[in-house]
Every structure is written in C-alpha cells, then in structure tokens.
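Scope of the values below: all heavy atoms of this structure, side chains included, with no hydrogens, waters or symmetry mates. To find a chain, count down the sequence lines: A is the first, B the second, and so on, and within it residues start at 1.
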Amino acid sequence: MNALRKQASNLGKQTGLKEFTGKDRVTDAVRALANFYAAQLSLCSKQIPTSYSNARMVHAHMIVSGFRPKSHILNRLMDLYTKSSNLPYARQLFDEIPEPDICARTTFITAYSASGDLKLAREIFNNTPLNIRDTVSYNAMITGCAHNSDGNAAFDLFRDMKRYNFKPDNFTYTSMLSALSLIADHESHCQQLHSEIIKSGTGFVTSVINALISVYIKCASSPHVTPSLLMDAARKLFDEMPHKDEVSWTTVINGYIRNDDLDTASQVFDGMNEKLVDSWNSMISGYTHKGLYSKSLEMSKKMHLLGIKFDGFTYTSLLSACANSKLFLHGKQVHAYIIKTVINPSRDFLFSVNNALITLYSKCGKTDDARKIFDKMPIRDIVSWNSVLSAYVEAIRIEEARLFFTKMPEKNEISWSVMISGFAQNGSGEEGLKLFNQQRSTECQPCDYSYAGAIRSCSAIASLNHGCQLHAQLIQSGFGSSLSASNSLITMYARCGVLEDSHSVFLTMPCLDSVSWNAMIAAFGQHGHGSRAVNLYEEMLKENIAPDRITFLTILSSCSHSGLVDQGQRYFNSMYDTYGITPGEDHYGRLVDLLCRAGKFTEAKTVIENLPINVGAPVWEALLSGCVIHGNMELGIEAAEKLFNLIPSHDGPYILLSNLYGKSGKWTEAARVRNMMRSRGVKKEPACSWIEVDNMVHVFLVDDTKHPEVSEVYGYLEELVFKMRKLGYVPDTKFVLHDMENEQKEHALSTHSEKLAVAFGLLKIPAGVPIRVFKNLRICGDCHNAFEFMSEVVGREIVVRDGKRFHHFRNGKCSCGNYW
DNA sequence: GTAGGGTTAG
C-alpha cells in the first residue's frame with residue numbers, strides 16, 4: 001500500500017497534477033491512480049497515430065505498479081486494443097485478471113465478438129460458471145452471435161438461458177430479433193417471438209418495437225412474401241408506438257428506401273419534428289444507394305444550411321455520392337471541409353471517411369492520390385486495403401495491383417474477387433483462372449463475384465472448356481442465380497462462339513440489370529445478328545430499363561456491322577435528346593464507323609468537323625478503317641497522320657494504312673509504311689499480313705524465314721494453295737510475296753494469311769467434331785470470302801473468332817450477313 | 001458489463 005501511495009505521489013510530481021500529491025489515504029491514492037490511467041487512456045484514444053503503443057505503455061505501467069484495473073479502465077484498454085486490431089493484447093489483459101467477475105467477462109465477450117473473434121468470446125462465456133452467469137452476460141453472448149451471423153447459436157443460447165431460469169429482458173428480445181433474419185423459416189419464428197414479447201411485458205419498450213419493425217421490414221424484402229403487407233405491419237407498429245426515438249424513425253425511413261419507395265421515405269422524414277443527423281444520414285445514404293446522387297448532394301446542402309453538423313456517416317455517404325457521379329471537384333471541397341473542421345475525429349470516423357476518400361480519388365482517376373490517403377492513414381482496415389486494390393485495378397495498373405495484393409495483411413472474398421476480375425479485365429485470363437484456383441485452396445472460398453471474375457477470364461482467352469466447367473461449379477456452389485456471375489456467362493458464351501447458350505443464360509435469369517441487357521445486345525451484335533440486337537434493345541426500352549453509355553456503344557456497333565445506318569443514327573441522336581447522355585469520343589467513333597462502313601464519307605466528315613469535343617483516336621481509327629474498306633486514299637492518309645501523332649505506339653494505324661496503299665496497288669508505299677512502323681519500334685508487328693487486289697493476293701512478311709511464325713505459315717500456305725487450286729478456287733489468282741527486306745521481290749508462292757492457313761489445318765479435324773478457330777488476328781474481307789468458300793467445299797460449319805466477334809460459316813454463307 | 005437504425009471495398 002505504501003508503494004502504491006509512493007507511486008501516486010511520483011506520478012503527481014512527474015505530471016504536475018495536484019490531485020496525486022499530498023494524499024494520505026490509500027483509497028484516495030488508488031482512486032487517483034485509476035483516474036490517472038483513465039485520463040492517460042482517453043488521451044491515447046485521441047492521439048491517433050500512436051494510440052495503441054501508448055495504450056500498451058500505460059498498460060505495462062499498471063502491471064508494474066500492481067494496479068488492478070476496474071471495469072471502466074478495462075473498457076478503455078479493450079477499446080484501444082480491439083480497435084487497433086490488437087486482440088492478442090486484449091487476451092493478455094483478460095488473462096492477467098486473477099478472478100474476473102461477471103462484469104469483466106461481459107466486457108471481454110462484447111469486445112471479442114465485436115472484433116469478429118466469436119470463438120474467443122464463446123470460450124470465455126463457456127468457462128463462466130453457471131452460478132455467476134446472468135441475463136446481461138447471456139445478452140452479450142447472444143448479441144455477439146447475431147453480429148457474427150450465427151443465428152442458430154443465438155437461438156440455442158436463448159433456449160439455454162430460459163432453461164436455467166434466466167429471465168429474458170428487453171435487451172434479450174432486441175438481440176434475438178436481430179438474430180432472427182439469420183435463421184431458416186424466420187417468418188414463423190417471428191410470429192412466435194412477437195407473442196412471447198407481448199406476454200413478457202416488454203412489448204411497449206421502444207427498443208423492442210424498433211427491432212420488431214426492423215424484422216418486419218427485413219421480411220418484406222424476402223422474395224416469397226407480399227412486401228406491402230409486411231411494410232404495412234411495420235408501419236402500424238410504428239404509428240402506434242407510445243414513444244418514437246431516433247432509431248424508430250430511421251428504421252422506417254430506411255425500410256422504405258430499401259423497398260424502393262423513396263417518396264414514402266421522404267414523407268416520413270418530412271414528418272419528423274426534430275430531424276437529427278441520423279435521419280438526414282438515412283436520406284443521404286438512401287439516395288446515394290439508389291443512384292440519385294444529385295438528391296443526396298441536395299440533402300447535404302440543406303442540412304448544412306440548417307446548421308446540422310455532419311458526422312462520419314454523412315461524410316461517407318456524401319463522398320460516395322461524389323465518387324459515383326464523378327463530381328471530383330465537389331468531393332475535393334468536402335475533403336477540404338473535413339480537414340478544416342474536424343479537429344478530433346474518433347477512430348471509426350477516420351476509417352470510413354478515409355476509405356470513402358480513397359474511393360473518391362480512385363473513381364475520379366486520381367489513383368496516386370488515393371494511395372496517398374491510404375499511406376497517411378494511421379491505421380487501416382480491410383476496406384482501406386481493398387479500396388486501394390480496386391483503385392489499381394480500375395486504373396488497369398495490374399502489376400501494382402498484384403504487388404499490393406500480395407502485401408495485404410488479410411484478404412477477404414472481396415480482395416480475391418477484385419484481383420481475379422482485374423486479371424480478366426486486363427486480358428490476363430490464365431492468371432485470373434490461376435488465382436481463382438488458388439483461392440479455392442484457401443479458407444476464403446470463392447463467392448459469386450470471384451466466379452464472375454473467373455468466367456470473365458475464360459472470355460479473355462476464349463476458353464469454352466473452362467467456361468463450361470465453371471458454369472457447372474457455379475450452379476453446384478449455389479450461386480446459379482447470381483446476377484454478376486450470370487452476366488459474365490452471357491459474355492463468355494458469346495465470345496466463345498456459342499451464341500444460343502449465351503441467349504439461354506439470359507432467358508433463364510431470375511432478374512436482369514442493365515449489364516445483362518448490354519451483354520446480350522453485344523452478343524447479338526458481335527455475331528453479326530444486327531436485327532436481333534436491335535429488337536432486344538427495343539425490348540429493353542419497353543421494359544423501362546434506361547440505356548447507359550455502354551448500351552449505346554453496343555447498339556451502335558451492332559447497327560454498323562449490319563449496315564443499319566439510319567437506325568444507328570437515330571439511336572445516336574436519341575442518346576442525348578431522350579436520355580441526356582453526352583456522347584463521348586467512343587460514341588463518335590462508332591458513329592463515324594457506322595457512316596464510313598456504308599461509304600458515307602461526306603456525312604462522316606461533317607460529323608468530324610462539327611465534333612463538340614477534340615477529335616480523338618477512336619474517331620480517326622473508324623475513319624481510316626472505313627477508308628480501307630472503300631479505298632478512299634486521300635481521307636485515309638489524313639486519318640493515319642493524325643493517328644501517328646495521337647497513338648504513336650499502336651500498330652493498327654500502320655497496318656491499316658499499308659493495306660490502304662496495297663488496295664490501290666501502291667506496293668512501294670505499302671512497304672514503306674511497314675518499314676516505318678518497324679523503324680519506330682512499334683510493337684506487336686505481325687509476322688504476316690496480306691491483302692487481295694484484282695485476284696492477286698499480296699502477302700507481307702517480317703522477313704523470309706527467320707521468324708518462327710513465318711516458316712510455320714509457309715508450310716500451311718503451300719498445302720493450302722495446292723488444295724485450293726485442285727478444288728478450282730480462283731484459278732487465275734497470282735500470289736505475290738512482299739518481302740520486307742527486299743521489297744517488290746515477287747514470289748509466286750502464297751495465298752492468304754496465317755489465320756486462313758491455320759483454319760485449313762483445322763479442317764483435318766474428323767467429321768462430327770466442331771471446327772472452331774481461335775486466333776486473335778483481325779479477319780479481313782478476302783479471308784472472309786475464303787472461309788465461306790471452304791465451308792461449302794467441306795460441307796461443315798467453321799466458327800472463326802475475330803477479336804471479340806465470331807463468324808459462323810455454313811454452306812458458303814456467314815452468319816454475319818452483309819458484314820463485309 | 002448487454003440492444004435497435006444509418007457507412008466505406010466488387
């Protein structure tokens with residue numbers, strides 16, 4: 001005791017606090033010490049960057065001084081440890097208490113389950129002798145189970161406590177009601193619990209009614225009930241409540257928002273006499289959630305004008321609205337305001353608001369700024385990590401994403417799915433599938449988003465085999481009706497050439513979103529089924545699904561590839577006039593493509609001259625490829641020059657321009673362009689390309705035999721020429737080889753390209769086995785003709801992948817109709 | 001020492 005008194009006195013001298021000095025009575029010294037520690041710990045919770053290590057020091061100090069903390073000190077320490085993810089220290093803290101009373105136990109049960117370690121919480125609870133248990137500790141344990149999604153355990157505990165004669169109280173019932181939605185057949189259990197509550201006499205307690213309302217609203221979202229009936233039941237409870245508190249109001253408001261009834265939500269909100277932050281937050285987050293971003297900004301402005309102080313939830317929802325609507329400047333203003341006004345934010349606040357800031361910067365394309373926010377955060381949670389990961393993925397900085405992913409201290413299903421999708425989006429299908437398999441060997445099993453990523457990986461490499469397997473596994477895992485996975489299946493089947501399978505996925509989906517419609521329209525378009533694409537688009541409009549930017553890109557391509565010029569133009573005009581979407585350079589590119597393919601160069605030029613934005617690469621590229629199709633030399637050269645400046649490292653413009661020259665028989669110029677491409681070090685130069693003019697097939701090769709791809713092609717070519725001649729195909733065709741090293745040198749040798757040759761090789765596949773050609777080279781007009789010819793000669797269907805597009809050749813005709 | 005609503009990552 002003397003030591004303790006000395007301790008307090010020393011601390012007093014050190015800190016200069018009077019209350020620690022000159023006290024004679026031991027109890028005062030103990031109390032003073034307790035106060036000192038409490039003050040120190042509350043200081044820790046304000047010093048964000050070092051809170052945990054300081055807490056640790058204070059804790060160590062207590063141990064050395066022999067001080068036995070009471071529950072309020074314990075709570076502060078627990079709070080610091082659990083919030084800084086230092087559960088082991090919390091555990092140590094608990095173990096240091098010689099005989100923890102029921103209050104200490106309850107504190108720890110609550111803390112452990114709040115930090116997600118239900119097992120530890122349960123261990124403490126189970127080790128608590130029955131004679132010291134009470135209703136409160138049962139309540140804490142039940143809440144823990146409910147928060148960690150173990151509804152059945154909560155019900156077991158509930159039965160248990162009644163068996164041992166612990167009387168459930170209003171806390172018990174509120175927790176039980178929140179556990180209700182986690183168990184099967186919760187509608188009938190709800191009835192049972194409701195009557196039990198009434199019998200128990202807690203039926204008039206506000207918190208219990210709040211929980212009941214919440215349960216009825218949750219039930220209203222179940223697929224097999226009539227939502228309006230349950231919403232009415234919830235509303236009746238609400239209307240008849242003797243005393244409504246903040247939670248009652250927000251529960252009902254959020255309930256209406258959840259059931260897409262924003263008008264009623266807003267009416268309830270307006271009916272509130274005193275609107276506090278929470279109810280404003282409900283409205284703001286509701287509008288943000290439903291995509292009505294301008295409404296949430298409007299709400300926040302009103303709130304600000306009324307002088308209601310924003311809290312963490314307000315900022316988070318508001319920033320999310322800015323991020324989703326790409327209102328970067330507004331978001332930045334909010335950020336500045338936070339920096340200016342928030343002096344002493346709690347840690348929870350820092351997590352969510354900073355995470356929302358990361359997302360704001362990331363979605364507005366400021367990836368490095370997003371990373372800076374992350375780096376500045378004193379402590380981060382899994383959401384912070386995932387936000388930065390998806391920032392890299394969204395910016396297609398896949399190597400940084402990969403590195404970041406490996407550095408993550410923990411990964412959840414979102415981390416995995418983001419990384420898998422990142423690979424798929426980057427075209428690294430093999431890597432995506434590899435990672436998916438890796439995830440399967442972890443404890444964190446794939447969710448439907450991971451499946452969607454893996455399926456998209458299959459699309460990237462056109463692997464129908466893996467795609468089908470994943471489809472089967474998806475159904476097995478119970479994710480068969482997942483929206484995102486089904487959407488990716490539509491695209492996967494279409495890109496792998498089986499349009500009808502893609503269509504049947506679309507037709508059997510329980511619900512569709514705009515992505516589903518876009519994917520199916522694109523599938524039809526890519527297969528050359530322009531009219532089916534257009535019909536589906538019209539159907540989408542009839543279903544009152546608003547088309548978005550992607551829809552327009554898709555439908556414009558479909559029209560372009562099927563020669564539906566007028567219709568395409570009409571759709572383009574409706575984009576802004578009817579739907580208020582400002583066309584981007586991609587959309588103008590599609591419009592120019594639509595016109596040029598149809599040979600309408602005058603109209604295309606008019607469009608370009610009157611463009612409200614800078615004429616970008618997509619527009620010039622569309623113009624150039626149109627010029628190649630129609631042999632428009634003058635315009636083509638102009639477009640190519642622009643492209644060389646805009647995208648100097650791309651090979652496309654060079655190849656298109658040399659083909660354009662070749663089409664007019666200007667072989668010297670054609671070869672010059674190819675040499676130019678090489679001397680500028682443009683990558684992806686193909687080993688071989690070709691063009692046919694007046695029964696003459698001109699083949700360009702990188703060099704004669706040095707390139708492995710070329711020598712392989714030669715073999716096919718010789719065989720192909722021989723067979724084709726034998727079959728009587730274009731007997732007058734002369735074959736001219738343009739060697740890059742010695743231009744104009746003629747070889748009476750070869751015919752079409754590698755793709756054609758490979759296709760021919762595949763024709764050796766036995767009858768009955770479908771022929772599919774997966775090559776990532778663009779198909780050209782003459783190649784197309786040859787495939788048509790071959791399908792007739794061999795009497796079989798040949799499916800050829802052309803980038804994202806598929807051609808089905810059958811009986812001398814192609815599914816794409818008048819594509820070429 | 002225990003509760004009910006509202007947040008951020010795909």
Side-chain angles (χ1 to χ4, degrees), chain A residues 70-72 74-75 78 100-111 113 134-144 146-147 169-179 202 205-215 217 245-255 257-258 276-286 288-289 311-320 323 348-360 362-363 381-391 393-394 412-422 425 447-450 452-453 484:
Chain A
K70 287 247 162 103
S71 54
H72 70 288
L74 281 180
N75 277 337
M78 282 299 294
D101 61 6
I102 192 65
C103 295
R105 287 169 193 268
T106 309
T107 302
F108 282 87
I109 289 168
T110 309
S113 35
D134 60 5
T135 299
V136 180
S137 50
Y138 265 102
N139 290 348
M141 198 60 243
I142 289 175
T143 309
H147 283 172
D169 61 6
N170 49 341
F171 286 93
T172 323
Y173 288 118
T174 44
S175 296
M176 283 311 298
L177 286 165
S178 83
T202 54
V205 179
T206 304
S207 66
V208 176
I209 307 174
N210 287 344
L212 264 169
I213 294 174
S214 170
V215 169
I217 289 170
D245 68 3
E246 181 81 350
V247 178
S248 332
W249 288 96
T250 51
T251 308
V252 171
I253 292 172
N254 291 322
I257 291 169
R258 192 206 280 246
L276 295 175
V277 206
D278 292 349
S279 32
W280 286 95
N281 288 350
S282 285
M283 292 308 292
I284 293 173
S285 83
T288 305
H289 233 81
D311 69 1
F313 290 107
T314 327
Y315 284 124
T316 314
S317 298
L318 188 55
L319 287 168
S320 165
D348 278 345
F349 182 118
L350 269 184
F351 270 136
S352 56
V353 173
N354 274 322
N355 293 343
L357 279 169
I358 293 177
T359 307
L360 169 78
S362 140
K363 290 225 166 123
D381 64 1
I382 182 91
V383 181
S384 333
W385 284 87
N386 284 341
S387 303
V388 173
L389 182 68
S390 59
V393 164
E394 219 157 289
N412 65 7
E413 55 180 39
I414 296 181
S415 333
W416 287 95
S417 70
V418 168
M419 196 62 236
I420 294 169
S421 303
Q425 192 188 322
C447 63
D448 59 333
Y449 283 96
S450 272
S484 60

> Is there a side chain to side chain donor-acceptor pair (under 3.5 Å) between A:Ser352 and A:Asn355? Walk through the geometry before answering.
CA-CA 5 Å; A:Ser352 56; A:Asn355 293 343; over 6 Å; no
> Under 4.0 Å from OP1 or OP2 of B:dG4: is there any side-chain N or O of A:His147 that close?
yes
> Is there a donor-acceptor pair under 3.5 Å between the side chain of A:Ser113 and the backbone N or O of A:Ile109?
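Yes, A:Ser113 side chain to A:Ile109 backbone: donor-acceptor pair under 3.5 Å.
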> What contact category does A:Asp101 fall into here, base, sugar-phosphate, or nothing, at under 4.0 angstrom with non-hydrogen atoms?
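No contact at all - A:Asp101 keeps every heavy atom at 4.0 Å or more from the nucleic acid.
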> With A:Ser178, which residues qualify under side chain to side chain contact (heavy atoms under 4.5 Å, CB included), at least two apart?
A:Ala146
> Side chain of A:Ser317 only, heavy atoms from C-beta on: which candidate in B:dT7, B:dG6, B:dG4 is closest?
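Closest nucleotide to the A:Ser317 side chain: B:dT7.
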> How is A:Thr250 classified with respect to the nucleic acid when contacts are heavy atoms under 4.0 Å: base, sugar-phosphate, or nothing?
base
> Between atom CE in A:Met176 and atom P in B:dG4, what is the gap in whole Å?
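Interatomic distance, CE of A:Met176 to P of B:dG4: 12 Å.
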> Under 4.0 Å, counting only non-hydrogen atoms across every strand here, what does A:Thr107 touch: a base, just sugar-phosphate, or nothing?
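Here A:Thr107 touches the backbone only, sparing every base.
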> Strictly below 4.0 Å: does A:Ser285 bring a side-chain N or O up to OP1 or OP2 of B:dT7?
yes
> Any base atoms under 4.0 Å from A:Asn254, or only sugar-phosphate, or nothing? Heavy atoms, all strands.
sugar-phosphate
> Which nucleotide in the set B:dT8, B:dG1, B:dG10 lies at the smallest distance from any side-chain heavy atom of A:Thr316?
B:dT8
> Going by the rule side chain to side chain contact (heavy atoms under 4.5 Å, CB included), which residues pair with A:Glu246 if we only count those two or more places apart in sequence or in a different chain?
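Checked A:Glu246 against side chain to side chain contact (heavy atoms under 4.5 Å, CB included); matches are A:Met272, A:Leu276, A:Asp278, A:Ser279.
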> Mind checking A:Val418 for me? I need base, sugar-phosphate or nothing, with any heavy atom below 4.0 Å counting as a touch.
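Sugar-phosphate: the residue A:Val418, judged by heavy atoms under 4.0 Å, touches backbone atoms but no base.
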> Can a donor-acceptor pair under 3.5 Å be found between the side-chain atoms of A:Ser352 and the base atoms of B:dT8?
no
> Report yes if at least one side-chain N or O of A:Ser214 is closer than 4.0 Å to OP1 or OP2 of B:dG5; otherwise report no.
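Checking A:Ser214 against B:dG5: at least one side-chain N or O falls below 4.0 Å of OP1 or OP2.
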> Where the side chain of A:Lys363 is concerned, which of B:dG5, B:dG10, B:dG1 is the nearest nucleotide?
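The nucleotide sitting nearest to the side chain is B:dG10.
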> Using the side-chain heavy atoms of A:Asn210, tell me which of these nucleotides is nearest: B:dG4, B:dG1, B:dA9.
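Among the listed nucleotides, the one closest to the side chain of A:Asn210 is B:dG4.
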> Please tell me which of the listed nucleotides, B:dG10, B:dT8, B:dT7, lies nearest to the side chain of A:Asn355?
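Looking only at heavy atoms from C-beta outward on A:Asn355, the closest nucleotide is B:dT8.
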> Do the non-hydrogen side-chain atoms of A:Val247 and A:Ser207 ever get within less than 4.5 Å of each other?
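Side chain of A:Val247 against side chain of A:Ser207, heavy atoms only: no contact under 4.5 Å found.
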> Measuring from the side chain of A:Thr106 (C-beta onward, heavy atoms only), which nucleotide among B:dG1, B:dA3, B:dA9 has the closest atom?
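Of all the options, the side chain of A:Thr106 is nearest to B:dG1.
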> Between A:Ile213 and A:Val252, is there a side-chain heavy-atom distance shorter than 4.5 Å?
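A:Val252 reaches A:Ile213 side chain to side chain.
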> Taking only the side-chain nitrogens and oxygens of A:Ser175, find out if one of them lies under 4.0 Å from OP1 or OP2 of B:dG4.
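Checking B:dG4 against A:Ser175, a side-chain N or O does come within under 4.0 Å of OP1 or OP2.
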> For the side chain of A:Val383, starting at C-beta, report the closest nucleotide among B:dG5, B:dG10, B:dT8.
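My answer, after comparing the listed nucleotides, is B:dT8.
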> Just to be sure I understand the rule, does A:Asp245 reach a base, reach only the sugar-phosphate, or reach nothing, if contact means heavy atoms closer than 4.0 Å?
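Since a base atom lies under 4.0 Å of A:Asp245, the category is base.
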> So A:Ser390, base contact, sugar-phosphate only, or nothing? Heavy-atom distance under 4.0 Å.
sugar-phosphate
> In whole angstrom, give the distance that lies between atom CG of A:Asn170 and atom C1' of B:dT2.
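Spelled out: CG on A:Asn170 to C1' on B:dT2 is 10 Å.
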> Has A:Phe171 got its ring stacked on the base of B:dT2, with centres under 5.5 Å and planes less than 30° apart?
yes
> Just checking A:Ile102: base, sugar-phosphate only, or nothing, at a heavy-atom cut-off of under 4.0 Å?
base
